[in-house]
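Protein chains get the first letters and strands the later ones, always in sequence-line order, with residue 1 at the start of each. Note that this is a predicted model, so its numbers are computed, not measured.
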Amino acid sequence: MKKTKMLKKNYEFKNVLSKGKYYSGFCIEAFIRKNNLKNENLLGIAIGTKIAKATKRNHIKRLIRESYKNIEDSINTGYSIVFLWKKKIDIKNANYKNIKKDIEKIFDKAEILDEE
RNA sequence: UAAGUAAGUUAAAUAGUCGCUGGUAAAUUCCGAAAGGAAUUACGAGAGGAAAGUCCGGGCUCCAUAGAGCAAAGAUGCUAGAUAACGUCUAGUGAGGGUGACCUUAAGGAAAGUGCAACAGAAAAUAACCGCCUAUAAAUUAGGUAAGGGUGAAAAGGUGAGGUAAGAGCUCACCGCCAUUAUGGUGACAUAAUGGGUCAGUGUAAACCCCAUCUGGAGCAACACCUAAAUGAGAAGAUUAAGCCUGCUCGGCGCCUUCUUAUCUGCGUGGCUUGAGGUAGAUAGUGAUAUCUAUCCUAGAUAAAUGACUAUUUUAAAAGACAGAACCCGGCUUAUAGAUUUACUUAUUUC
RNA sequence: GUGCUCAUAGCUCAAAUGGAUAGAGUAACUGCCUCCUAAGCGGUAGAUGGGGGUUCAAUUCCCUCUGGGCACA
């Protein structure tokens, strides 16, 4: 298994957020952009401080990462992806199932999924 | 049984599958001359009572020399003790609250000095407006007085009796206040006795201030090391080889290479977890706590690790209360569902 | 991590050494004027961010909590 590589720098996030394409699910937004690395996907998760306090933000991050790992093998490589939480939606909706559905929807729309 | 008071405990558990962080391994594979590095496998670890707020105190590091004194600025402020230290804690004292168990309390000095006390009121600090009384007099003047009235948050000890022209600590009794002495206590202070009517300087220091005690500054993004690149400064060398000021020389700017040093940006490593440590017991102490003995090693990340799914049990509810370590400790403050233990108080009923 | 600063009417700003009833503009509602509207004139309405303390009295002084903003490394 590979590790999932994360976006780290501030300018990388800004790149993706400003130039990437926007997709939205029920409670998650995503920006997706093509990457220079051909064999790897980069994942970034950003959740604002105004949405919740640290424990709940960590919880949402973990849920997103977990559900991304389950899908990761079936995605075409060469993209960098940033997930955001929608501000208008309560934190109580943050289940594993909701997030998993959302991520599947988003990749469906973006047509990244490997058809094999 | 009901209503309370105080001090605590806990913060779901077990099994399986997938996955994460770092540690160990004379393990396996790959790279490397080596040191070592990477991957796999196995093993056993992996957030809190507040990790939070950043309100105090320390360790540690650097700057600095701060060894001593003065000034400034700031903090604290009943007593004794605990502690590395504290604005914390413990035990008490005084004051206040509660029927009570018990709770609250920044609680030195107002006779060192300064300031302030709006409005109302005669007067807000060396009191006299209306009154009362005496003499003169007749819508007044002079004197005595501080009972009564009124204002105010506060008006110069309170109540009663005597006394007086009217009154007044003017005198007396009781209460309060002040001083001295004695006794008890380490002490704050308490109790008792004696004396004091010059008891006529009211309040405010969380106003300035005085007194006593304490404080050098900055903070792990501190600080140390390594690598690469850029910029500035300095030195040396090379040679006029590109260029400008000029017709030439000197000189200046600038350029090339090397070295030193400084700054900034970015990467990595150390700092980084064995510590004023935890657990149990004994001893000393009312207690905070201290000493001794035994035993244990228990997160160390850096876009940041604890999650997801399934099953079972406990439960009123397992979709969870508040909530995520970031150098480390001691406290304080704030948030917090449910369960539960111990001691005590009051009321009612029954025996 | 450290330090500083602010919070007053729906909005923008005042006020003062602790002293009485906390003001102004604008917005809102309403009356007059007008055939109607605008403009103009008049009127109406506030938990000084929450809680506690000192004081006779607190927006002001002290403590604590909440929220916003700024700076440095």
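- Look at B:A206: its glycosidic torsion is beyond 90° from 0, and that puts it in the anti range.
- Pair check for B:G243 finds B:C253; Watson-Crick or G-U wobble, both atom distances under 3.5 Å.
- The partner of B:C309, taking Watson-Crick or G-U wobble pairs whose two distances both stay under 3.5 Å, is B:G16.
- Glycosidic conformation of B:U93: anti, with the torsion beyond 90° of 0.
- Pairing of B:U341, defined by two Watson-Crick or G-U wobble distances under 3.5 Å, is identified with B:A7.
- Regarding the sugar-base torsion, B:G169 falls in the syn class, its angle being within 90° of 0.
- Using Watson-Crick or G-U wobble geometry with both donor-acceptor distances under 3.5 Å, B:A142 finds its partner in B:U134.
- Of the C1' atoms belonging to B:U263 and C:G3, the separation is 25 Å, rounded to the nearest Å.
- A glycosidic torsion no more than 90° from 0 defines the syn conformation, and B:G49 adopts it.
- Using N1 to N3 plus N6-O4 or O6-N4 for Watson-Crick, or N1-O2 and O6-N3 for G-U wobble, each under 3.5 Å, B:G287 pairs with nothing.
- A distance of about 14 Å separates the C1' atoms of B:U76 and B:A85, rounded to the whole Å.
- Spacing between B:C267 and B:C256 at atom C1', rounded to whole Å, works out to 31 Å.
- Taking atom P on both B:A190 and B:G176, the two are 13 Å apart, rounded to the nearest angstrom.
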Original post:
When Watson-Crick pairs (N1 to N3 and N6-O4 or O6-N4) and G-U wobble pairs (N1-O2 and O6-N3) count only below 3.5 Å on both distances, what is the dot-bracket string of RNA chain C, with | for other-strand pairs?
Top reply: (((((((..((((.....[...)))).(((((.......)))))....(((((..]....)))))))))))).
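- Both distances falling under 3.5 Å, in either a Watson-Crick or a G-U wobble arrangement, occur for no nucleotide opposite B:U315.
- B:G163 is unpaired under the criterion used here, namely a Watson-Crick or G-U wobble arrangement in which both key atom distances are under 3.5 Å.
- The base-pairing partner of B:U1, taking Watson-Crick or G-U wobble contacts with both distances under 3.5 Å, is B:A347.
- Rounded to the nearest Å, the gap between the P atom of B:U40 and that of B:U21 is 10 Å.
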